[in-house]
Number of protein chains: 4
Amino acid sequence: MPLSDKQIKAMEQKREKILQQAIILFAEQGYESTTIAKVAKASGVSFGSVFTYFENKDQLFYHAVTEPLNTVFKVDLLDFDPEAEDLLAEIKSMIDNHIRIFIEMRTYLQLVVQVIGQHTKFPEPFKELDDFSIEFIQKLILIITNAQRRCVLEDSDADLTATAYLGFLLGIRLTFTDYAVSRIWEKLKIPAFQLLYPKR
Amino acid sequence: MPLSDKQIKAMEQKREKILQQAIILFAEQGYESTTIAKVAKASGVSFGSVFTYFENKDQLFYHAVTEPLNTVFKVDLLDFDPEAEDLLAEIKSMIDNHIRIFIEMRTYLQLVVQVIGQHTKFPEPFKELDDFSIEFIQKLILIITNAQRRCVLEDSDADLTATAYLGFLLGIRLTFTDYAVSRIWEKLKIPAFQLLYPKR
Amino acid sequence: MPLSDKQIKAMEQKREKILQQAIILFAEQGYESTTIAKVAKASGVSFGSVFTYFENKDQLFYHAVTEPLNTVFKVDLLDFDPEAEDLLAEIKSMIDNHIRIFIEMRTYLQLVVQVIGQHTKFPEPFKELDDFSIEFIQKLILIITNAQRRCVLEDSDADLTATAYLGFLLGIRLTFTDYAVSRIWEKLKIPAFQLLYPKR
Amino acid sequence: MPLSDKQIKAMEQKREKILQQAIILFAEQGYESTTIAKVAKASGVSFGSVFTYFENKDQLFYHAVTEPLNTVFKVDLLDFDPEAEDLLAEIKSMIDNHIRIFIEMRTYLQLVVQVIGQHTKFPEPFKELDDFSIEFIQKLILIITNAQRRCVLEDSDADLTATAYLGFLLGIRLTFTDYAVSRIWEKLKIPAFQLLYPKR
DNA sequence: TATGAATGAGTTTTCATTCAT
DNA sequence: GATGAATGAAAACTCATTCAT
């Protein structure tokens, strides 16, 4: 007897709820301090249920890192067009977008920072993040190179510049640890833009 | 019976050894995964001895974070002169120095990143780091403002620029996770410099 | 709505399948290591269905031990005639038969050995086995006594001899743990016969 | 600072106590039903202490099976001389001895029976038992062959006879599950002797 | 001061059993 | 009747910390 649509829907919501709470707890308290019991309690399910949806704690962590990456983060961060007509406008809008994402996804990025910071401890999720960072940098290099060719940006080592830009995004996320940052995010696009060597 | 000088010296060395190994283990494996037994083994002492030198695990962590900060890190990072004669040279030398430190103190900075990334979990050591970052930024603002006044740097919001600079340093430390970075560190001073809005 | 004959038949087959797989798993892995989920999987049913046919795990174990006992084991082991004309032939054929059964029912006897070996843990199924062993020994005593009377066997304490004979059967089942035994079973009837004090 | 002799002695006694209680519990309740907590309670130590003396439950079980085997069982069972002057007396004394051991070591043998009965579950301890049984049978074959040569026993397949004898010992241990057996043990040497084909 | 045995709270995980669909 | 999601009790094992020697 297969499950009814309603049941499947309810289960999906439950899984999502567990994952969301796991992301928050993993981000704020770290891997070890986040107990399955805490996740269960925060999600309003019994702790046995967590194991219905995720094989074990490791898998839960893996999904907590990779699912937002693949569904939201990746898509949003790569949402710019290196072949746009007006590259200056495209770059500015890209920066706006990137900074907004790094501010909005504060909790998730805390998790990302942990995985990167202790990558030997989390090799599988780190691999996913690393792969994405390479893809992200490739696309950045593309838009930077095009912009340089069209004299929208000054000449620079595009690879280095792209890498510095990503480092900067991660760094400000780390530096501004709380909500306070949201009041100045408007400003952060200025140094971000500066890093790309704008024409004056 | 008072301890002889030799004994005191031996004890100090023992304490130092324990602290060094604790830093490495905390940095690479995180707070929870670092057990007192591991630290003791790595330091070549019995685990009971760890408690002779540090009240408990929490205190050991606290000292692992703050002692290098106060003895080395702070001194080295603040080793620049906002009133220097040749400010351009001073700034370039400062950047060289900062990047070198961030590369050399890779392990310690892994620890710093953890504390910042999970600051609610580690309020005391975070406070120390936060205090230092304020001090650091204040001094950066000073040199930037002076450099702007003397037309060595273009005008910019000095606070924002200083903060962006610190964020950049932390960010590249996070982005370049391994030794590979040492081969390109020479280059990283370029975007770091660019962040300060150099005159052209 | 009463069930059709076909349905009843199907259910009986399902129950039988579950029981057979339970016997194998209980025998090979023991009571605790045999999970309901494993039994269900081996039987090709959902684990909820196991509870449709057996009240709980305890009951499943009880039936796994007692059903083969009452349907096959008991009948086969008691299939000899203490009043047979040619008692020597009857005894030899009985021994052949017993050894064959102990070899063929290897898996089931692994289960029996567990119940006997840990009888305090399994009092109900042990009771059934114990009752049968008494019945078996009684009938053995009968044939032995008759054979002694008719000078087919030498005189001996019939009770002791019967008990020793049963012990021997269980013991060789335990001693020869694998299929290798099947190649020498032909021989095992020799010491079994010897235990009964044959006339020379 | 090395431990004092007194401490070492105390620790050895503690270890021994834990092992003894573990043997009893494993024998009576089986591997899974014997929890570390039960062993600790029965031994009068804290739960954590069991892990001070035995790496894990598996190791505890392994030692529970093999230590009595190597220190007592092996020595006692092999304590007969195939080259004795008066072989008939030697064999009778050997049988007396064997039966006495199988009765006295009732609890330990319950454990042995479990390991043999579920040898796939306990490969390491089973290996030790299996090795011993081979050694035991070899020595039995020796004494049987010598006795046959000296016309103390009738001719028979010595290998088969030795194996049957071991099977018988295990079997009666299994058949007589309680202390009741001690009242008839005097008698059991009769069928045991009979199994060796005594001259009449 | 140095050592490491002793302790037990806390964690992950398994699994029998219940029950809604 | 069949299914499998939900539950939580129970188990092995880890580890910070204490304290006797």
Side-chain angles (χ1 to χ4, degrees), chain A residues 1-8 10-11 14-15 32-40 44-58 60, chain B residues 1 3 7-8 10-11 14 31-40 45-60, chain C residues 1 3 7-8 10-11 14-15 32-40 45-60, chain D residues 1-8 10-11 14-15 32-40 44-58 60:
Chain A
M1 206 178 325
L3 295 172
S4 68
D5 280 4
K6 218 170 96 190
Q7 276 177 308
I8 288 174
M11 285 181 67
K14 211 166 193 172
R15 185 184 185 282
E32 273 87 6
S33 296
T34 299
T35 68
I36 299 287
K38 283 181 189 170
V39 174
V45 302
S46 82
F47 87 73
S49 288
V50 176
F51 290 98
T52 304
Y53 293 93
F54 300 93
E55 210 184 334
N56 53 36
K57 194 181 174 180
D58 244 48
L60 177 59
Chain B
M1 181 175 25
L3 295 171
Q7 277 177 308
I8 290 174
M11 285 181 68
K14 215 166 186 174
Y31 180 80
E32 274 85 7
S33 298
T34 298
T35 68
I36 299 287
K38 282 181 190 170
V39 174
V45 301
S46 79
F47 78 81
S49 289
V50 176
F51 288 96
T52 304
Y53 295 96
F54 300 92
E55 206 184 334
N56 54 33
K57 194 181 173 181
D58 245 47
Q59 281 300 306
L60 177 59
Chain C
M1 179 175 29
L3 296 170
Q7 278 177 307
I8 289 174
M11 284 182 67
K14 214 165 187 174
R15 186 184 185 282
E32 274 85 8
S33 297
T34 299
T35 67
I36 299 287
K38 282 181 190 170
V39 174
V45 301
S46 79
F47 78 81
S49 288
V50 176
F51 289 95
T52 304
Y53 295 96
F54 300 92
E55 207 185 333
N56 54 33
K57 194 179 173 182
D58 245 46
Q59 282 300 306
L60 177 58
Chain D
M1 206 176 324
L3 295 171
S4 68
D5 280 7
K6 218 171 97 189
Q7 276 178 308
I8 288 173
M11 284 181 68
K14 211 164 192 174
R15 185 184 185 282
E32 272 86 6
S33 296
T34 299
T35 69
I36 299 287
K38 282 181 189 171
V39 174
V45 302
S46 86
F47 161 103
S49 287
V50 177
F51 290 99
T52 303
Y53 293 94
F54 299 92
E55 209 184 335
N56 53 35
K57 194 180 173 182
D58 245 48
L60 177 59

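Quantities reported herein were computed from a predicted structural model and do not represent experimental measurements. Below, chain A is the first sequence line, B the second, and so on; all start at residue 1. As a basis for the values below, the full set of heavy atoms in this structure was taken, side chains included, without hydrogen atoms, waters or symmetry mates.
- Within the 4.0 angstrom heavy-atom criterion, no nucleotide atom of any strand lies near D:S33.
- Atoms CD (C:Q59) and P (E:dA16) sit 15 Å apart, rounded to a whole Å.
- Residue A:F51 places its side chain closer to E:dT13 than to any other of E:dT3, E:dT13, F:dT3.
- Regarding contacts with the backbone of E:dT1, every side-chain N or O of B:Y53 stays at 4.0 angstrom or more from both OP1 and OP2.
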Whenever both distances are under 3.5 Å in a Watson-Crick or G-U wobble pair, mark it; put DNA chain E into dot-bracket that way, with [ ] for crossing pairs and | when the partner is on another strand.
.||||||||||||||||||||
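- Residue contacts shown for D:T35 are limited to sugar-phosphate atoms, with no base heavy atom under 4.0 Å away.
- Of the candidate nucleotides F:dC13, F:dT17, E:dT21, E:dT21 has the atom lying nearest to any side-chain atom of A:Q7.
- The listed nucleotides are F:dA5, E:dT13, E:dG4; the one nearest the side chain of B:F47 is E:dG4.
- Considering only heavy atoms from C-beta on, C:I8 stays 4.5 Å or farther from C:M11 through its side chain.
- The CD1-P distance, from A:I8 to F:dG4, rounds to 12 Å in whole Å.
- Among E:dT13, E:dT3, F:dA12, the nucleotide with an atom closest to any side-chain atom of D:I36 is F:dA12.
- Using a 4.5 Å heavy-atom threshold, the side chains of D:T34 and D:L60 count as separate.
- Separating the CG atom of C:N56 from the C1' atom of E:dT17 is a distance of 9 Å, rounded to the nearest angstrom.
- In this structure, A:F54 reaches neither bases nor backbone, as no heavy-atom distance under 4.0 Å exists between it and the strands shown.
- At a threshold of 4.0 angstrom between heavy atoms, the contacts of B:K14 are confined to the sugar-phosphate backbone, with no base atom among them.
- The residue among B:K38 and D:E32 whose nearest nucleotide of DNA chain F lies closer to the 5′ end is D:E32.
- For the atom pair NZ of D:K14 and OG1 of D:T52, the computed distance is 8.0 Å after rounding to the nearest 0.5 Å.
- Nearest-nucleotide positions on DNA chain E for B:G48 and D:T52 put B:G48 closer to the 5' end.
- Taking atom NZ of C:K57 as the reference point, atom P of E:dT14 lies 15 Å away to the nearest angstrom.
- A pairwise comparison of heavy atoms in D:E32 and D:K57 identifies O-NZ, 3.5 Å as the closest pair.
- In plain terms, the two heavy atoms of B:F47 and B:A37 that are nearest each other are CB-CA, 4.3 Å.
- Considering only side-chain N and O atoms, A:S49 lies nowhere under 4.0 angstrom from the phosphate OP1 or OP2 of F:dA5.
- The 5' end of DNA chain F is approached more closely, in terms of each residue's nearest nucleotide, by D:D58 than by the other of D:K6 and D:D58.
- For the pair A:M11 CE and E:dT21 P, the computed distance is 14 Å after rounding to whole Å.
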